[in-house]
Enquirer: 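Please find one structure pasted underneath; my questions will follow.
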Amino acid sequence: MENVYYRSTRSESTPITASQAILKGLADDGGLFVPTKLPKLDRTLNELSLMDYRGVAYEVMKLFLTDYTEEELKACIAAAYDGKFDTPDIAPIHEADGRYYLELFHGATIAFKDMALSILPHLMITAAKKNHENKEIVILTATSGDTGKAALAGFAGVAGTKIIVFYPKDGVSSIQERQMVTQKGDNTCVIGIRGNFDDAQSGVKKIFTDQAVKQRLARNGYQFSSANSINIGRLVPQIVYYVWAYTRLLKDGKLAEGDEINFVVPTGNFGNILAGYYAKQIGVPVHRLVCASNENRVLYDFFQSGEYNRNRPFILTSSPSMDILISSNLERLIYHIAGDDAGADAEYMKNLAERGDYQITDAMRRRLTDFAGGFATMDETAAEILRLYEKDGYVIDPHTAVASCVYGKYAEESGDRTKTVIVSTASPFKFETSVLKALHRYEAKDDLLLADDLSALSGVKIPQAVESLKGAEIRHKTVCDRNGMLAEVEKFLGI
């Protein structure tokens, strides 16, 4: 098997190994790491259909993480996909209303981020050993709600690491916030910022690329890395569940090998749907990737017009993990459709940073045929939660509902009858208020008490991730302005 290396989207820098890219998180020039070539599956989809999740994960990840030995990679996979998931399937598929809902929320924090953040700490610690790195790794990340808790859960108590998470103080659900601020572990730090997710993300990137800060950290025995989906160690494990979903439908006789499939993905930072794009490149017969947006429809507008423009009002919605106007991972797609042209990508990203917009060429737009776009308003999202419950008794969260609603519009407008998987990114128990309001069953009470109502309604046991919050001590109380983020990082690290 040929080695796969990684280079920045913004310069023709010397390629580095997968483990080096995972350790760095972000390239020195501010770009994201992309593979120098996209490998192909070396097992048939029928062969993969006979494997469990861990087996499929190894067959996919070995293609991208080529400097990890078989023993190292299998150890990381075994440690990640274990009893912390509440089902042996890891990512089961639920059929409702003629669609297939890929449930990615059975991990420790009941959101799809668990699928990749369960393995990232193991990949990172292995990478540090492989590269004889003796500095303590400082995970610095911004979250729109779910990445933060999943990263905290993954890295809490992991020797040789510290983790600092920034989140928009008034931009996440109460359950999401409580999950983060009650996080245990002396190596964890959670900080709310007065601003939105884009402010948090931009602040983190600014700290990352500040060479003076980097040198000061190094002198104190630290180095930064990221747990966001900008880290290739987050993105590669996400490719797995697209391969998994296809092979489960194959195994269950819902597909024949070679049949095409659609995936509809609720999308904010673009990492999740980008993993689906990579899954197609390595050999999964994907017909269309439908990018589902909420009222912050910057991605929908991009797919409609070829213009990316973040100069618009920021809307707080019932699907907060998608309340994003700067979709960082779109940069990787821009790089690819520009013909892997780092110079072109760097210019687009410069325009985005300075003006807030860019317009891709007609030739690049013609390379977007794998994608379709749609959006759903909050009213439409609530109506979809109610519709699916009344039709099939199946309860979904608002992010999944955005995707489900967008798929209904897409199927009607396009006439596309290809079998379709809705990527279900969070448990309804993470957004109980929004879900119960949509179902017209809401009573004003603490979110943790609402879990009992939702459990009775859905027939689903309250997840341990919610049960464990009852009575949990609030340990993280710091709130800062966006220009105070660096000072809080230095304070936590004692430098």
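What you are looking at is a predicted structure, and each value in this text was computed from that prediction instead of being measured. Heavy-atom basis, side chains included; hydrogens, waters and symmetry copies ignored.
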Enquirer: Asp198: which residues meet the side chain to side chain contact (heavy atoms under 4.5 Å, CB included) condition with it, sequence neighbours left out?
Expert: Asn196, Gln201, Phe314, Ile324, Leu325, Ile326

Enquirer: When you check the gap from the basic side-chain N to the acidic O, do Asp52 and Arg54 get nearer than 4.0 Å?
Expert: yes

Enquirer: Does Arg417 reach the main-chain N or O of Ala411 with its side chain, forming a donor-acceptor pair under 3.5 Å?
Expert: yes

Enquirer: Asn187 side chain to Gly157 main-chain N or O, any donor-acceptor pair under 3.5 Å?
Expert: yes

Enquirer: Which residues pass the side chain to side chain contact (heavy atoms under 4.5 Å, CB included) test with Lys24, sequence neighbours left out?
Expert: Ile16, Asp28, Phe33

Enquirer: If only side-chain N and O atoms count, and only distance matters, is there a donor-acceptor pair under 3.5 Å linking Asn294 with Thr381?
Expert: no

Enquirer: Can a donor-acceptor pair be found between the side chains of Asn46 and Thr44 at a distance below 3.5 Å?
Expert: no

Enquirer: When you measure from the centre of the six-membered ring of Phe224, is the NZ or CZ of Lys214 under 6.0 Å away and within 45° of the axis?
Expert: no

Enquirer: Would you say Cys76 and Thr126 make side-chain contact, with heavy atoms under 4.5 Å?
Expert: yes

Enquirer: Report yes if the side chains of Lys430 and Val466 come closer than 4.5 Å at any heavy-atom pair, otherwise no.
Expert: no

Enquirer: So which heavy atom on Ala403 is nearest to which on Ala292, and how close?
Expert: CA-CB, 3.7 Å

Enquirer: Tell me, which pairs form a salt bridge (Lys or Arg N to Asp or Glu O under 4.0 Å) where one or both residues lie in residues 261-278, sequence neighbours left out?
Expert: none

Enquirer: Report the residues that fulfil side-chain hydrogen bond (donor to acceptor under 3.5 Å, both in side chains) with Glu2, sequence neighbours left out, ordered by chain and then residue number.
Expert: Lys37

Enquirer: Taking side-chain hydrogen bond (donor to acceptor under 3.5 Å, both in side chains) as the definition, give me every residue that meets it alongside Ser13, ordered by chain and number, with sequence neighbours left out.
Expert: none

Enquirer: Carefully, step by step, assess Ile125 and Thr161 under the rule side chain to side chain contact (heavy atoms under 4.5 Å, CB included).
Expert: CA-CA 9 Å; Ile125 295 303; Thr161 70; 3.6 Å; yes

Enquirer: When you compare the side chains of Lys149 and Gln183, does any donor N or O come within less than 3.5 Å of an acceptor on the partner?
Expert: yes

Enquirer: For Val395 and Val460, run side chain to side chain contact (heavy atoms under 4.5 Å, CB included): C-alpha distance rounded to whole Å, both residues' side-chain angles, the deciding distance at 0.1 Å, then the answer.
Expert: CA-CA 9 Å; Val395 179; Val460 176; over 6 Å; no

Enquirer: If you define the side chain from C-beta out and look only at heavy atoms, does anything of Gln359 sit under 4.5 Å from Asn309?
Expert: no

Enquirer: Going by atom types only, do Tyr277 and Asn329 share a side-chain donor-acceptor pair under 3.5 Å?
Expert: no

Enquirer: Strictly below 4.0 Å, N to O, side chains only: are Glu71 and Lys74 in salt-bridge contact?
Expert: no

Enquirer: Would you mind checking if Glu72 and Lys129 are paired as a salt bridge, meaning a charged N to carboxylate O distance below 4.0 Å?
Expert: no

Enquirer: Are side-chain N/O atoms of Ser321 and Gln176 paired as donor and acceptor at under 3.5 Å?
Expert: yes

Enquirer: Just checking His336 against Tyr278, ring centres under 6.0 Å apart?
Expert: yes

Enquirer: Okay, side chain of Thr143, backbone of Gly148: is any donor-acceptor separation there less than 3.5 Å?
Expert: yes

Enquirer: Output, in order, the C-alpha distance, side-chain angles, deciding distance and verdict of side chain to side chain contact (heavy atoms under 4.5 Å, CB included) for Phe371 and Ile273.
Expert: CA-CA 10 Å; Phe371 293 90; Ile273 196 166; 4.1 Å; yes

Enquirer: Checking Thr361 now: which residues fulfil side chain to side chain contact (heavy atoms under 4.5 Å, CB included) with it, not counting sequence neighbours?
Expert: Tyr348, Ala363, Met364

Enquirer: Taking atom types as modelled and ignoring hydrogens, do the side chains of Asn269 and Ser327 form a donor-acceptor contact shorter than 3.5 angstrom?
Expert: no

Enquirer: Between Thr267 (side chain) and Val265 (backbone), is there a donor-acceptor pair under 3.5 Å?
Expert: yes

Enquirer: Please step through side-chain hydrogen bond (donor to acceptor under 3.5 Å, both in side chains) for the pair Tyr101 and Ser404, ending with a clear verdict.
Expert: CA-CA 9 Å; Tyr101 291 80; Ser404 192; 2.7 Å; yes

Enquirer: May I ask you to test the Tyr241-Val56 pair for a side-chain heavy-atom distance under 4.5 Å?
Expert: no

Enquirer: With a 4.5 Å heavy-atom cut-off, do Val402 and Phe375 have their side chains touching?
Expert: no

Enquirer: Report the C-alpha distance between Asp29 and Ser11 in whole Å, list the side-chain angles of each, state the deciding distance to 0.1 Å, and finish with yes or no for side-chain hydrogen bond (donor to acceptor under 3.5 Å, both in side chains).
Expert: CA-CA 7 Å; Asp29 55 25; Ser11 65; 2.5 Å; yes

Enquirer: Do any side-chain atoms of residues 85-93 form donor-acceptor pairs under 3.5 angstrom with protein atoms, and if so which ones, sequence neighbours left out?
Expert:
| unit_1 | atom_1 | unit_2 | atom_2 | d |
| --- | --- | --- | --- | --- |
| Asp86 | OD1 | His106 | ND1 | 2.6 |
| Thr87 | OG1 | Asp89 | N | 3.2 |

Enquirer: Please report the C-alpha distance between Tyr6 and Ile232 in whole Å, then the side-chain angles of each, then the deciding distance to 0.1 Å, and finally whether the side chain to side chain contact (heavy atoms under 4.5 Å, CB included) criterion is met.
Expert: CA-CA 9 Å; Tyr6 292 82; Ile232 201 71; 3.5 Å; yes

Enquirer: Please report, to 0.1 Å, the donor-acceptor pairs under 3.5 Å made by any side chain of residues 204-211, with sequence neighbours excluded.
Expert:
| unit_1 | atom_1 | unit_2 | atom_2 | d |
| --- | --- | --- | --- | --- |
| Lys205 | NZ | Ser328 | OG | 3.2 |
| Thr209 | OG1 | Lys205 | O | 2.9 |
| Thr209 | OG1 | Lys206 | O | 3.4 |
| Asp210 | OD1 | Ala212 | N | 3.0 |
| Asp210 | OD1 | Val213 | N | 3.1 |

Enquirer: Taking the six-membered ring for Trp, is the centroid-to-centroid distance between Phe431 and His399 below 6.0 Å?
Expert: yes

Enquirer: Less than 6.0 Å separating the ring centroids of Tyr100 and His94?
Expert: no

Enquirer: Show me the pairs that pass salt bridge (Lys or Arg N to Asp or Glu O under 4.0 Å) and involve residues 327-347, at least two apart or across chains.
Expert: Arg10-Glu331

Enquirer: Does a donor on one side chain sit under 3.5 Å from an acceptor on the other, for Ser424 and Thr400?
Expert: yes

Enquirer: Which is it for Asn262 and Asp416 under the side-chain hydrogen bond (donor to acceptor under 3.5 Å, both in side chains) test, yes or no, and what are the steps along the way?
Expert: CA-CA 9 Å; Asn262 293 330; Asp416 183 358; 3.0 Å; yes

Enquirer: Regarding Asn272 and Tyr242, do their side chains bring together a donor and an acceptor under 3.5 Å, going by distance alone?
Expert: yes

Enquirer: Mind checking what makes side chain to side chain contact (heavy atoms under 4.5 Å, CB included) contact with Cys405, not counting sequence neighbours?
Expert: Ala376, Glu380, Glu384, Lys409

Enquirer: Does Ile22 offer a backbone N or O that forms a donor-acceptor pair with the side chain of Asn231 under 3.5 Å?
Expert: yes

Enquirer: According to the salt bridge (Lys or Arg N to Asp or Glu O under 4.0 Å) rule, which pairs have a member within residues 256-281, sequence neighbours left out?
Expert: Lys280-Asp370

Enquirer: Centre of Tyr222's six-membered ring, under 6.0 Å away, within 45 degrees of the axis: is that where NZ or CZ of Lys135 sits?
Expert: no

Enquirer: Would you indicate whether the side-chain heavy atoms of Met349 and Thr9 approach each other to under 4.5 Å?
Expert: no

Enquirer: Please examine the side chains of Val264 and Arg99, heavy atoms only from C-beta on, and report whether any two atoms are closer than 4.5 Å.
Expert: no

Enquirer: Examine Phe105 together with Phe112 and report whether their ring centres are nearer than 6.0 Å.
Expert: no

Enquirer: What pairs with Phe166 under ring-ring contact (aromatic ring centres under 6.0 Å, His included), at least two apart in sequence or on another chain?
Expert: none

Enquirer: Asn131 versus Ser19: any side-chain heavy-atom pair under 4.5 Å?
Expert: yes

